[in-house]
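Structure record follows, encoded as structure tokens.
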Amino acid sequence: MNLRKTLLCGQCFRWKEIAPDVFCGTVGGRSVTLTQQDIPPLTKNPFWRQYFDMDTDYQTFNQTLANLHPNLREAAVCGAGIHILRQDPWEALCSFILSQNNNIPRIQGIISRLCGEDDTMPPCTKLQEGPAAHPFPRPEALAGLSVDALAPLRCGFRARYVLDAARKVTDGTVNLEELRTAPLAEARASLMQIVGVGPKVADCTLLYGLHRMEAFPMDVWMKRAMKQWFPGVNPADFGPAAGLAQQYIFDYARRHP
DNA sequence: CACCAGGCTCCGA
DNA sequence: TCGGAGCATGGT
């Protein structure tokens, strides 16, 4: 696993590079600062082993993708080392609602404020793991709030989307844990009951929050990228590596102006 | 000033 | 069912 690629490829928003190759993040109520060298010992810890998805065979996924198209082979080589993190489903849902029609630096800022971090707060510099000062807020904590209460987040029209998600997750309208094993189409439909959740956000939630690797977040940008750089390749060809392929394609397109 | 940012809702044909 | 404006906010 390549730590930099994995944390900076756009799948998560709570990791900061506080110095070259030094990353500080908050996951599941824990904060940690680490570098690439910390990964081997850290993966003895079941929690981090699971979060970084160390038990999935990415080698086989890479082989599958590389054989589909020459450009996809190149993309897979460049993207090798990216793992799809096993993020908290609610955090992923909420994060990708906030990501719509938005850019990554601002998404990070909004999520940082949502977690109660102050804009003037210095970056965390402690070098070992500890309890999080600012864990991601649970849906129950947000469900009762008003749009006005979220004004300090400056997330604009997305505020009512976040609140609708919080309410529907809290009252059981959407049962995130059940979506781990539900048929993909059903899981997608369930998430799209939430106002502000369309096909793209639903698939991002399934992929990053519920580790449904066969989910393929598709939008007009991705359609164009597929047609331009990977003609003749269909998302159906990716099988259980679809989510990983999408990540590789995203990175590939970024490197090809 | 216009345009864009990992989209979606809402409206009209 | 489809297309396109509008949406809050901040950066370039």
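The sequence lines fix the lettering, A, B, ..., with proteins before strands; numbering per chain opens at 1. It should be emphasised that the depicted structure is a prediction, and the values quoted were computed from it without experimental measurement.
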Check: Between the base of B/dG6 and the side chain of A/Gln246, is there any donor-acceptor pair under 3.5 Å?
Finding: yes

Only residue of A/Phe136, A/Trp90, A/Tyr208 satisfying side-chain contact (heavy atoms from CB on, under 4.5 Å) with A/Ser95 is A/Phe136

Rounded to whole Å, NZ of A/Lys223 lies from C1' of B/dG7 at a distance of 13 Å

Atom CZ of A/Arg158 and atom P of B/dA5 are separated, to the nearest Å, by 13 Å

Side-chain atoms of A/Gln100 come closest, of C/dT9, B/dG7, B/dG6, to B/dG7

What distance, rounded to whole Å, do you find between the two P atoms, one in C/dG10 and one in B/dC8? 22 Å

Nearest-Å distance once atom C1' is located in both B/dG6 and C/dT1: 26 Å

DNA chain B nearest-nucleotide lookup for A/Gly196 and A/Tyr208: closer to the 5′ end is A/Tyr208

### Task
May I ask you to verify if any side-chain N or O of A/Arg154 is less than 4.0 angstrom from the OP1 or OP2 atom of C/dG10?
yes

Is A/Lys223 reaching over with its side chain to a backbone N or O of A/Met218, donor-acceptor style, under 3.5 angstrom? no

Given the C1' atoms of B/dA5 and C/dC2, what is the spacing between them in whole Å? 25 Å

- With a non-hydrogen cut-off below 4.0 angstrom, is A/Pro105 in contact with a base, only sugar-phosphate, or nothing? nothing

**Report entry** A/Asp148 and A/Ser146 side chains, donor-acceptor separation under 3.5 Å
**Finding:** no

Between CG of A/Leu191 and C1' of B/dG7 the distance, given in whole Å, is 15 Å

Separation of B/dC8 atom P from A/Phe157 atom CZ, nearest Å, is 10 Å

Whole-Å distance, A/Ile194 CD1 to B/dT9 P, equals 10 Å

Students often get this wrong, so: under 4.0 angstrom with heavy atoms, is A/Gly198 touching a base, only sugar-phosphate, or nothing?
sugar-phosphate

Under 4.0 angstrom between A/Arg160 side-chain N/O and B/dC10 OP1 or OP2 | yes

When rounded to whole Å, the CD1 to C1' distance for the pair A/Ile84 and B/dG6 reads 14 Å

Atom CG of A/Asp251 and atom P of B/dG6 are separated, to the nearest Å, by 13 Å

If the threshold is 4.0 Å, N to carboxylate O, is there a salt bridge linking A/Asp88 and A/Arg138?
yes

Exercise. Could you check whether A/Val220 gets within reach of a base, just the sugar-phosphate, or nothing at all, counting any heavy atom under 4.0 Å?
Key: nothing

A/Asn101 (side chain) and C/dA8 (base): donor-acceptor pair under 3.5 Å = yes

### Message
Taking A/Leu3's backbone N and O only, do any of them form a donor-acceptor pair with A/Gln36's side chain (distance below 3.5 Å, no angle check)?
### Response
yes

A/Leu163 CG to B/dT9 P, in whole Å, measures 15 Å

